[in-house]
Amino acid sequence: MPLLEIVNLTVDFATANGSFRAVDSIDLSIDEREIVAIVGESGSGKSVAMLALMGLLPWTATVSADCIRFDGQDLLGMNDKQRRKIIGKDISMIFQEPMTSLNPCFTIGYQLTEVLCQHFGGRRRSYNNRAVELLQQVGIPAAETRLNAYPHQLSGGMCQRVMIAMMIACQPKLLIADEPTTALDVTIQAQILELLVELQQNNNMALVLITHDMAVVAETAERVVVLYAGWQVEQRSALDLFSNPRHPYTEALLNALPERAQGKLLNAIPGVVPGQLDRPKGCIFNPRCCYVQDLCRQQIPERQEGVLCHYPLELDLKPSRSSQDMVTDS
Amino acid sequence: MKNPTVVSKSLRVQQWREFWFYFSASKTAVAGLIFLIGVVLMALFADVISPHEPAEQYRQFAKVPPAWKDGGQIQFLLGTDYAGRDMWSRIIHGSRLSLLAGCVVVVLSLSIGVLLGLVAGYRGGWLDSLIMRVMDTIMAVPGLLMALVFVAILGPGLLNAMVAIAITYTPSFVRLTRASTLTELNRDYVTASKMAGARPMRLMFISILPNCMAPLIVQGTLSFSTAILDTAALGFLGMGAQAPMPEWGTLIAENRDLMLSAPWTVTFPGIAILLAVLAINLVGDGLRDALDPKLKRS
Amino acid sequence: MLHFLINRLMLLVPVFFGVTLVAFGFIRVLPGDPVEVLAGERGVSPEKHAEILAQLGFDKPLWQQYFSYLGDILQGDLGVSIITNRPVIEEFFELFPATVELATCAIIFALIIGIPAGIIAATKRGTWVDQGIMGLSLTGYSMPIFWWGLLLIILFSNTLGWTPVSGRLSFIFEVDHVTGFMLIDTLLSDEQGSFWSALHHLILPSVVLGTIPLAVIARQTRSAMLEVLSEDYVRTARAKGLSPFRVIAIHALRNALITVVTVIGLQVALLLAGAILTETIFGWPGIGKWIIFSVFSRDYYAVQGGLLLIAVCVMIVNLIVDLLYGFINPRILQQRNKT
């Protein structure tokens with residue numbers, strides 16, 4: 001049985017111009033100790049899907065799904081109070097902006113021990129040793145003195161480490177990292193990523209990595225889910241996906257990587273992700289797809305073998321280097 | 001060739017349209033505006049609308065209750081006061097005084113405040129410090145107390161009350177203008193017009209001032225409503241408009257002794273103040289939302 | 001922190017001198033003959049006139065007069081009231097506790113209702129609850145409080161008979177003047193029920209004086225909360241599995257209060273202005289009523305002294321609010337410690 005199972009998850013936002021579907025029938029299952037990457041451009045609904053799982057969306061959002069099961073429990077049928085016993089304890093999430101994600105009015109120590117009190121009870125002071133241990137675990141030097149520091153006294157990388165410490169404090173079974181490195185310096189990015197993978201292995205967690213960076217995916221993920229404008233266009237193992245993308249969008253994404261540039265030009269995907277008001281008829285990717293056919297402009301495709309396309313790319317059609325090459329390149 | 005004035009005119013029309021689009025999004029602001037227009041019309045045509053002369057004393061009809069109450073008379077819609085004067089007519093005429101007071105206070109404090117603020121922000125240095133310390137001093141004294149002190153020097157009266165209140169409102173305009181001037185001074189377009197050789201006067205009034213207008217308009221509207229409140233308060237204390245004048249605060253003061261035997265003489269002038277001030281504040285809120293670009297984006 | 005305190009005090013010095021100049025100038029620009037206006041002597045002989053003028057110090061050059069005035073102030077001499085013949089400063093501090101008591105109760109009333117109302121409006125944003133609270137608070141903000149006070153007296157004192165009309169204490173009690181704060185004095189005395197009487201007398205004036213601050217605080221709390229609730233750290237707090245109450249009351253409120261405190265500070269000057277009206281309506285024996293009485297009875301030294309002392313009070317309260325602001329906002333505190 002998978003650790004997390006999501007069937008047909010849809011999220012709608014109520015806006016001034018009517019309803020907007022940010023996530024459209026996503027299926028996802030994650031096994032224990034697995035690393036899954038969710039990839040897509042900004043606005044593709046990757047964060048929204050995971051925030052919906054956490055119950056962190058604003059009140060304008062409506063979430064519907066056929067099934068959301070975590071660790072044998074039905075998250076859909078739960079009330080908020082029951083759900084809060086799981087959120088932050090068994091499933092936790094770290095965010096993109098470490099500097100603004102920590103409360104500026106409270107010390108690091110307060111914010112760290114607070115989550116322990118919430119889920120295990122007891123007095124905050126009794127968790128001080130555990131807090132120091134956690135800070136050491138995420139590689140923060142002089143952990144004891146940092147307990148009394150405020151977030152604005154730390155750098156962005158340090159803040160993200162504190163965030164991670166806070167979110168692994170209760171030893172979650174699933175950690176969702178929402179673009180954890182995007183706001184950080186390039187040198188820090190690699191360190192944080194390394195830390196996440198290391199923690200995943202040591203703590204036996206499953207890790208969901210939300211990112212738009214294919215290089216990050218190649219380095220870490222075992223399985224990849226590709227989202228486009230709320231649609232789940234492809235879901236495959238990382239190795240397969242990099243060597244043999246089957247959805248035109250995935251292929252275009254991979255071709256847009258600098259390593260695959262031909263000559264001096266990058267292979268950018270023409271056009272932009274459709275917004276609320278310019279959704280095309282038929283397949284959502286058809287205006288930007290280079291293999292587009294008439295059927296694509298008329299009819300919404302069905303999912304076949306994890307690929308949401310009328311005409312999936314054939315395995316042998318794809319002249320490409322293996323993902324192993326890619327990793328060594330990047 | 002296009003005529004430049006035509007272009008700028010259509011641009012202005014477009015700006016007004018955009019402004020009206022955001023302003024009319026708030027129903028309460030529009031309601032406030034309509035009510036306010038009603039009050040202004042009432043003030044303008046007071047002589048035509050009011051059924052009686054405000055000072056006319058119908059001695060045989062003293063303390064007549066409002067028309068819908070027992071003993072009320074249809075010719076005195078809101079009743080009469082101790083001297084038999086028609087409350088409704090007095091309130092209508094009172095709107096003139098209150099709106100006048102609001103206008104005078106805003107015009108005085110706004111023009112002085114903007115001038116001092118521009119100079120302080122543009123010139124900087126000792127002049128800036130001097131102006132700002134003077135404003136700090138005025139702000140350290142509660143507005144009504146400052147107004148009382150001025151009235152004590154100048155003598156009670158509506159005009160003196162207006163001047164006194166205007167003085168206490170000046171610092172907020174100075175601070176606002178100075179702050180916007182300081183931000184605008186560093187903008188590229190100011191540097192550009194400096195490079196083009198614009199003289200300080202032109203720079204201050206043509207380049208910088210129009211770009212600080214939004215917060216000034218909002219503050220002006222809010223000052224308009226508090227000016228009406230403060231004028232009424234001074235009138236109530238006997239320091240503003242003097243007794244026979246039908247100023248709203250004065251009306252409450254002169255009928256205060258009747259508060260229990262003829263409560264309508266106190267209630268209606270108060271409701272008039274409350275509604276007028278509320279309407280202006282609704283408009284002010286609507287203006288702020290429509291003019292604040294930060295809110296526009298979200 | 002000490003450095004910051006000194007810095008702030010230095011900023012207050014020019015304002016203090018400004019206020020003394022205003023107070024000094026006030027007496028000099030009064031219309032009429034100073035002997036008549038200030039000493040209350042009429043139709044005196046020219047010799048006597050000159051003598052009184054010299055007594056008042058009006059015969060010296062203006063700058064000398066100002067410096068001797070400054071010297072008097074620093075010695076705590078603010079002149080003598082021509083009505084009661086007592087030193088102004090003595091009268092002021094005798095009445096001061098009554099005003100402080102009233103203003104404190106008013107601000108407590110405004111905070112107790114205003115902050116929760118603002119929070120509720122923010123969390124229920126866009127609903128009829130929000131619109132109702134905001135409509136009420138705008139009405140409160142537009143309220144002519146002298147009329148509001150009269151209205152409440154008609155309703156609660158005369159029609160319902162629930163509250164007393166004026167004063168600080170029912171006359172059946174005799175309470176020793178210890179601190180000047182009636183709530184404390186009645187607790188110290190052994191008069192049964194006098195504390196409740198004092199509290200009873202405080203209710204209506206506090207409500208009237210607190211109405212406008214209440215409206216301002218509710219509006220400010222709402223907008224501050226709305227801003228804070230969309231911050232990332234609130235999402236983090238929810239991601240920890242904290243209860244909505246804890247998220248709002250601990251994580252969001254603490255940040256929202258930073259802006260609300262500044263607003264409360266700005267209310268103090270307004271509160272003292274409102275006290276003038278409230279005390280007049282309720283016959284509250286405090287500074288506001290005293291100032292009005294002094295203006296009416298042309299007791300100019302009392303007005304001058306009151307002006308100066310009230311301005312100093314406002315300055316001190318603003319200083320305290322500034323310090324408080326630094327105290328609840330760790331970011332400011334840190335920056336100040338560094339400089």
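Just the heavy atoms: all of them, side chains too, but no hydrogens, waters or symmetry mates, feed the values below. Sequence lines set the chain letters: A, B, ... in the order given, protein chains first and strands last, and positions in each chain run from 1.
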Legend entry - C/Gln220-C/Thr259 side chain donor-acceptor pair, cut-off 3.5 Å: no
Inset, instruction - Name the region of C/Ile281, side chain, backbone, both or neither, that has any atom closer than 4.5 Å to a heavy atom of chain B. - result: both
Inset, instruction - Count the heavy-atom pairs under 4.5 Å between each of C/Val295, C/Leu150, C/Ile310, C/Thr280 and chain B, then report the option with the highest count. - result: C/Leu150
Inset, instruction - Could you check which of B/Ala233, B/Gly249, B/Ala152 has the highest count of heavy-atom pairs closer than 4.5 Å to chain C? - result: B/Ala233
Legend entry - Structural part of C/Met315 lying under 4.5 Å from a heavy atom of chain B: side chain
Inset, instruction - Give the member of B/Leu237, B/Ile138, B/Val149 that has the highest number of heavy-atom pairs under 4.5 Å with chain C. - result: B/Leu237
Inset, instruction - Answer yes or no: does atom CZ of C/Arg125 have more than 12 heavy-atom neighbours from other residues, nucleotides or ligands under 6.0 Å? - result: no
Inset, instruction - Using the six-membered ring wherever Trp is involved, compare the ring planes of C/Tyr69 and C/Phe24 and label them parallel, tilted or perpendicular (cut-offs 30° and 60°). - result: tilted
Inset, instruction - Look at B/Leu145, B/Asp136, B/Val141 and state which one has the largest set of heavy-atom pairs under 4.5 Å with chain C. - result: B/Leu145
Legend entry - Residue B/Leu282 versus chain C: region with a heavy atom under 4.5 Å: both
Inset, instruction - Heavy-atom distances under 4.5 Å only: say whether C/Val22 touches chain B with side chain, backbone, both or neither. - result: side chain
Legend entry - Under 4.5 Å from a heavy atom of chain B, the part of C/Leu12 involved: neither
Legend entry - Set of side-chain contact (heavy atoms from CB on, under 4.5 Å) partners for B/Thr250, sequence neighbours left out: B/Ala241, B/Glu247
Inset, instruction - Select, from B/Leu274, B/Thr226, B/Ile273, the one with the greatest count of heavy-atom pairs under 4.5 Å involving chain C. - result: B/Leu274
Inset, instruction - Side chain from CB out, backbone as N, CA, C, O: work out which of these in B/Thr267 comes under 4.5 Å of a heavy atom of chain C, or both, or neither. - result: both
Inset, instruction - Check each atom of C/Arg219 against the heavy atoms of chain B and say whether the ones under 4.5 Å are side chain, backbone, both or neither. - result: side chain
Inset, instruction - Verify the neighbour count for atom CZ of B/Arg133: are there more than 12 heavy atoms of other residues, nucleotides or ligands below 6.0 Å? - result: yes
Inset, instruction - Could you look at B/Asp230 and say if it's the side chain, the backbone, both or neither that has a heavy atom under 4.5 Å from chain C? - result: neither
Legend entry - Residue among C/Asn318, C/Leu151, C/Val314 with most heavy-atom pairs under 4.5 Å to chain B: C/Val314
Inset, instruction - Counting only heavy atoms closer than 4.5 Å, note whether B/Ile271 contacts chain C via side chain, backbone, both or neither. - result: both
Legend entry - Pair C/Tyr66-C/Thr20, side-chain donor/acceptor within less than 3.5 Å: yes
Legend entry - Heavy-atom pairs under 4.5 Å with chain B, option from C/Val303, C/Leu277, C/Leu272 with the top count: C/Leu277
Legend entry - Contacting region of B/Leu278 [heavy-atom separation from chain C under 4.5 Å]: both
Inset, instruction - Return yes when atom CZ of C/Phe293 has more than 12 non-hydrogen atoms of other residues, nucleotides or ligands closer than 6.0 Å, and no otherwise. - result: no
Inset, instruction - Against chain B, label C/Phe16 side chain, backbone, both or neither, depending on which of its atoms sit under 4.5 Å from a heavy atom there. - result: neither
Inset, instruction - Please report the shortest heavy-atom distance between B/Pro269 and B/Ile252, naming the atom on each side. - result: CB-CG1, 3.8 Å
Inset, instruction - Please check if atom CZ in B/Arg256 has more than 12 non-hydrogen atoms from other residues, nucleotides or ligands closer than 6.0 Å. - result: yes
Legend entry - Mutual orientation of the aromatic rings belonging to C/Tyr300 and C/Phe26 [parallel < 30°, tilted 30-60°, perpendicular > 60°]: perpendicular
Legend entry - Side chain proximity check, B/Asp128 to B/Arg178, heavy atoms < 4.5 angstrom: yes
Legend entry - Part of C/Ile292 lying under 4.5 Å from any heavy atom of chain B: side chain
Legend entry - Part of B/Ile153 within contact of chain C (heavy atom distance under 4.5 Å): both
Legend entry - C/Trp148, CH2 atom: more than 12 neighbouring heavy atoms under 6.0 Å: no
